[in-house]
Engineer: 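I have a structure here, written as structure tokens, and I will follow up with some questions on it.
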Amino acid sequence: AVGTKVVLAPFNADAVGVCTPPPSPPTWQEADTALTQNWRAIAGSDDLTKLAAVAYSGSIWYSLDSGASWVESTGTGPKTWVCITSSSTFGTLVAGVNGEFLYTGTYDAATGLQWISQDVPGSRTWEAVVSSSDGATIMAFPSGGNMWRSADTGVTWSSIGGTSLSLHWNAADMSSDGRTVVASVWQGDLWASTDCGLTWSGIGPGGVLSGRSWYAVACSHDCSAIRAAVSSGNLWSGHVSSGTAVTSSTCSTTSSTTSTCTCSSPSRDQTAGSNEYSCSDGSGSSCPATDACYATVPFWDGDWAAGCAAPGNIPVPTSWAWTEHGSTTRIWKSIASSSDGLKLVASAASANGMAGTIYTAVSVTDSCISFRKTGDCSGTGPPEPDGDLGCDTVVPCQAGQCPSGYCECTGGVHRHPVDCNPGSHDPFTCAAVCITWSEDTSVSSTYSWSGLASSADGSTIAAGVYGGNIWMYAAPRPQALSS
């Protein structure tokens with residue numbers, strides 16, 4: 001960045017004469033060369049220091065040291081495991097079996113992972129499971145059936161929707177508070193719920209997303225940014241175009257909000273590593289996330305002061321503007337996102353559907369400069385800078401509001417020129433247009449990559465290979481050197 005100075009030193013010496021080398025850049029490392037399984041899915045704590053992975057016709061394995069060593073969870077026996085999800089602390093897990101039951105798991109240091117079969121949802125072809133950050137809200141999706149929901153960490157379950165929602169679900173993700181859920185249907189549409197999974201609707205405007213072979217979906221911590229992958233197709237990005245406000249920050253039946261501060265003098269205090277902001281009560285003390293005046297203000301909502309001023313005002317996305325990344329046609333298998341939606345990773349298979357590659361898109365915000373407004377109703381017309389828009393602002397195209405212009409991306413690259421004729425293009429954001437996916441050539445393209453998981457900050461990635469091992473992308477642990 002302009003004005004930033006970087007000074008490199010070979011080592012840092014501390015007062016007792018022990019030298020610690022500077023951190024190494026992240027690399028791909030095979031977790032355990034003896035752990036060959038048909039890995040299908042992987043999940044973990046927010047920082048991925050605790051991990052669990054499921055193998056098809058195998059067991060559930062878990063790691064408590066960032067993937068360095070693994071322990072087999074033997075309580076369930078070998079099964080045709082397909083999917084798994086974890087709470088942010090690794091305290092609550094849920095896994096699904098092809099042609100059998102859901103299993104809920106809890107981790108305790110004394111007993112390890114303990115699993116309970118959930119008979120109420122029944123034996124189904126489970127394809128996806130997702131949970132809120134606290135593990136209280138859980139959604140499970142079968143292929144060819146209704147989705148199932150629990151609001152009490154899997155103690156009780158209810159079927160959601162009638163015959164209209166008995167679809168071939170195959171992937172899903174959930175906001176950290178459990179309020180917004182996004183799911184994909186094979187050769188169907190993308191669907192979303194913004195009321196904790198109770199009611200659902202297709203989210204592709206004008207059917208633009210319908211009839212596609214959706215295979216994977218991931219979203220930011222509040223689902224204001226959605227990434228979705230089509231098998232034998234392209235990657236897509238959805239950025240929130242409108243939202244609403246709710247007065248409860250939880251979907252759980254086991255917790256509630258309290259009010260202990262007034263937010264009479266709101267101030268912005270960004271939580272490290274996220275886009276969430278908390279209010280202050282005027283005396284400088286911050287309101288905890290459980291307080292009614294807590295406001296989640298994602299990157300798409302600039303009016304954080306209004307959110308703080310209204311106690312309990314939690315913005316929730318209700319519609320998204322979609323961008324197709326037209327140069328990314330692959331047989332996509334999996335996709336994962338950091339909590340802010342800015343660091344992305346996806347896996348793709350080769351033409352035979354087996355061996356493939358890893359692709360990444362890092363620092364999406366840094367790749368976009370602005371939407372540049374132009375005149376003459378042409379995307380290549382003269383500049384009109386007074387009409388420029390931010391990267392996350394949706395560029396509309398309707399009667400009376402359809403600016404012509406283009407997206408300026410990093411390096412002076414101009415993309416997606418549009419004219420001013422209403423209906424000539426779908427709404428979009430330049431943040432999505434400027435995303436550039438790159439093949440990661442540092443890791444083998446001969447593996448059948450399957451499940452992916454990303455840490456909340458995007459610095460660590462866990463990836464499973466079907467018929468292979470688990471790999472971790474992370475900075476190597478520094479080794480202390482004697483002086």
Side-chain angles (χ1 to χ4, degrees), residues 35-44 50-63 70-87 90-107 112-131 135 137-150 152-160 165-174 181 183-186 197 214-217 333-334 448-453 462-468 470:
L35 205 60
T36 300
Q37 301 278 337
N38 293 324
W39 299 110
R40 283 296 304 268
I42 191 166
K50 300 180 178 67
L51 294 154
V54 295
Y56 196 82
S57 299
S59 300
I60 300 175
W61 292 70
Y62 66 95
S63 171
W70 291 79
V71 177
E72 184 177 10
S73 181
T74 58
T76 62
K79 296 183 182 296
T80 50
W81 299 103
V82 173
C83 49
I84 190 168
T85 189
S86 169
S87 64
F90 203 68
T92 303
L93 297 93
V94 188
V97 182
N98 181 358
E100 215 225 69
F101 300 111
L102 294 171
Y103 287 76
T104 53
T106 55
Y107 173 76
L113 269 178
Q114 300 294 313
W115 295 92
I116 299 174
S117 171
Q118 297 296 325
D119 299 339
V120 172
S123 177
R124 304 178 188 276
T125 306
W126 298 108
E127 292 286 346
V129 287
V130 291
S131 73
T137 304
I138 303 167
M139 294 289 301
F141 300 81
S143 177
N146 290 341
M147 62 192 79
W148 285 74
R149 176 182 182 270
S150 173
D152 52 14
T153 66
V155 176
T156 61
W157 293 84
S158 58
S159 177
I160 301 297
L165 290 180
S166 180
L167 304 170
H168 290 286
W169 306 101
N170 66 348
D173 205 358
M174 178 182 283
V181 195
S184 63
V185 175
W186 176 257
W214 298 106
Y215 207 85
V217 64
K333 306 292 286 185
S334 185
S448 298
W449 299 102
S450 54
L452 291 170
V465 176
Y466 193 86
I470 291 174

Engineer: If we check side-chain contact (heavy atoms from CB on, under 4.5 Å) with Met139, which of these qualifies: Val130, Thr85, Val94?
Structural biologist: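 Per the side-chain contact (heavy atoms from CB on, under 4.5 Å) rule, the option paired with Met139 is Val130, out of Val130, Thr85, Val94.
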
Engineer: How many angstroms lie between atom CD1 of Ile84 and atom CH2 of Trp126, to the nearest 0.5 angstrom?
Structural biologist: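 Nearest 0.5 Å value for the CD1-CH2 distance: 15.5 Å.
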
Engineer: Are the side chain of Ser150 and the backbone N or O of Gly154 linked by a donor-acceptor pair below 3.5 Å?
Structural biologist: yes

Engineer: Given Trp169 and Trp186, is the side chain to side chain contact (heavy atoms under 4.5 Å, CB included) satisfied, shown in steps?
Structural biologist: CA-CA 6 Å; Trp169 306 101; Trp186 176 257; over 6 Å; no

Engineer: Please report the C-alpha distance between Ile116 and Tyr103 in whole Å, then the side-chain angles of each, then the deciding distance to 0.1 Å, and finally whether the side chain to side chain contact (heavy atoms under 4.5 Å, CB included) criterion is met.
Structural biologist: CA-CA 5 Å; Ile116 299 174; Tyr103 287 76; over 6 Å; no

Engineer: Can a donor-acceptor pair be found between the side chains of Thr104 and Gln118 at a distance below 3.5 Å?
Structural biologist: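 Result is yes, a qualifying pair exists.
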
Engineer: How long is the span from the OH atom in Tyr56 to the CZ atom in Arg40, to the nearest 0.5 Å?
Structural biologist: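 Output value for this atom pair is 7.0 Å.
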
Engineer: Report the distance from atom CZ of Arg124 to atom OG of Ser143, rounding to the nearest 0.5 Å.
Structural biologist: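 Atom-to-atom, Arg124:CZ and Ser143:OG are 12.0 Å apart.
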
Engineer: Locate the shortest heavy-atom distance separating Ile160 from Gly197; write the atom from each residue and the value.
Structural biologist: CG2-O, 3.4 Å

Engineer: Find the distance between CG (Leu93) and NZ (Lys50) and round it off to the nearest 0.5 Å.
Structural biologist: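 Output value for this atom pair is 11.5 Å.
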
Engineer: Report the C-alpha distance between Thr80 and Glu100 in whole Å, list the side-chain angles of each, state the deciding distance to 0.1 Å, and finish with yes or no for side chain to side chain contact (heavy atoms under 4.5 Å, CB included).
Structural biologist: CA-CA 8 Å; Thr80 50; Glu100 215 225 69; 5.8 Å; no

Engineer: What's the shortest heavy-atom distance between Ala171 and Ala216, and which atoms?
Structural biologist: CB-CA, 3.8 Å

Engineer: Output yes when a side-chain donor or acceptor of Ser87 lies under 3.5 Å from a complementary backbone atom of Thr92, and no otherwise.
Structural biologist: yes

Engineer: Rounded to the nearest 0.5 Å, how far apart are CD1 of Ile470 and CG of Leu35?
Structural biologist: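 Here the rounded value is 5.5 Å.
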
Engineer: Nearest 0.5 Å, please: how far is OG in Ser159 from CE in Met147?
Structural biologist: 9.0 Å

Engineer: Which label fits Phe90 and Tyr62: parallel for a plane angle under 30°, tilted from 30 to 60°, or perpendicular past 60°?
Structural biologist: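 Correct class here is tilted.
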
Engineer: Is a donor on one side and an acceptor on the other found under 3.5 Å between the side chain of Ser59 and the backbone of Ser73?
Structural biologist: no

Engineer: Inspect the surroundings of OH in Tyr215 and state if more than 12 heavy atoms from other residues, nucleotides or ligands are less than 6.0 Å away.
Structural biologist: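 Counting other residues, nucleotides and ligands, OH of Tyr215 stays at 12 neighbours or fewer.
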
Engineer: Any donor-acceptor pair under 3.5 Å linking the side chain of Asn98 with the backbone of Thr125?
Structural biologist: no

Engineer: Locate the shortest heavy-atom distance separating Ala172 from Ala128; write the atom from each residue and the value.
Structural biologist: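 For Ala172 versus Ala128, the nearest heavy atoms are N-CB, 3.9 Å.
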
Engineer: Would you name the heavy atoms of Ala53 and Ile42 that are closest together and state the gap between them?
Structural biologist: CB-CG1, 4.0 Å

Engineer: Look at the aromatic rings of Trp115 and Trp81 and report parallel, tilted or perpendicular, splitting at 30° and 60°.
Structural biologist: tilted

Engineer: Considering all heavy atoms of both residues, which atom of Gly464 and which atom of Trp39 are nearest to each other, and what is their separation?
Structural biologist: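 Of all heavy-atom pairs spanning Gly464 and Trp39, the closest is CA-CB, 4.1 Å.
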
Engineer: What is the minimum heavy-atom distance between Gly467 and Thr36, and which atoms define it?
Structural biologist: O-CG2, 3.7 Å

Engineer: Might you work through the side chain to side chain contact (heavy atoms under 4.5 Å, CB included) test for Ile138 and Trp148, ending with a clear yes or no?
Structural biologist: CA-CA 8 Å; Ile138 303 167; Trp148 285 74; over 6 Å; no

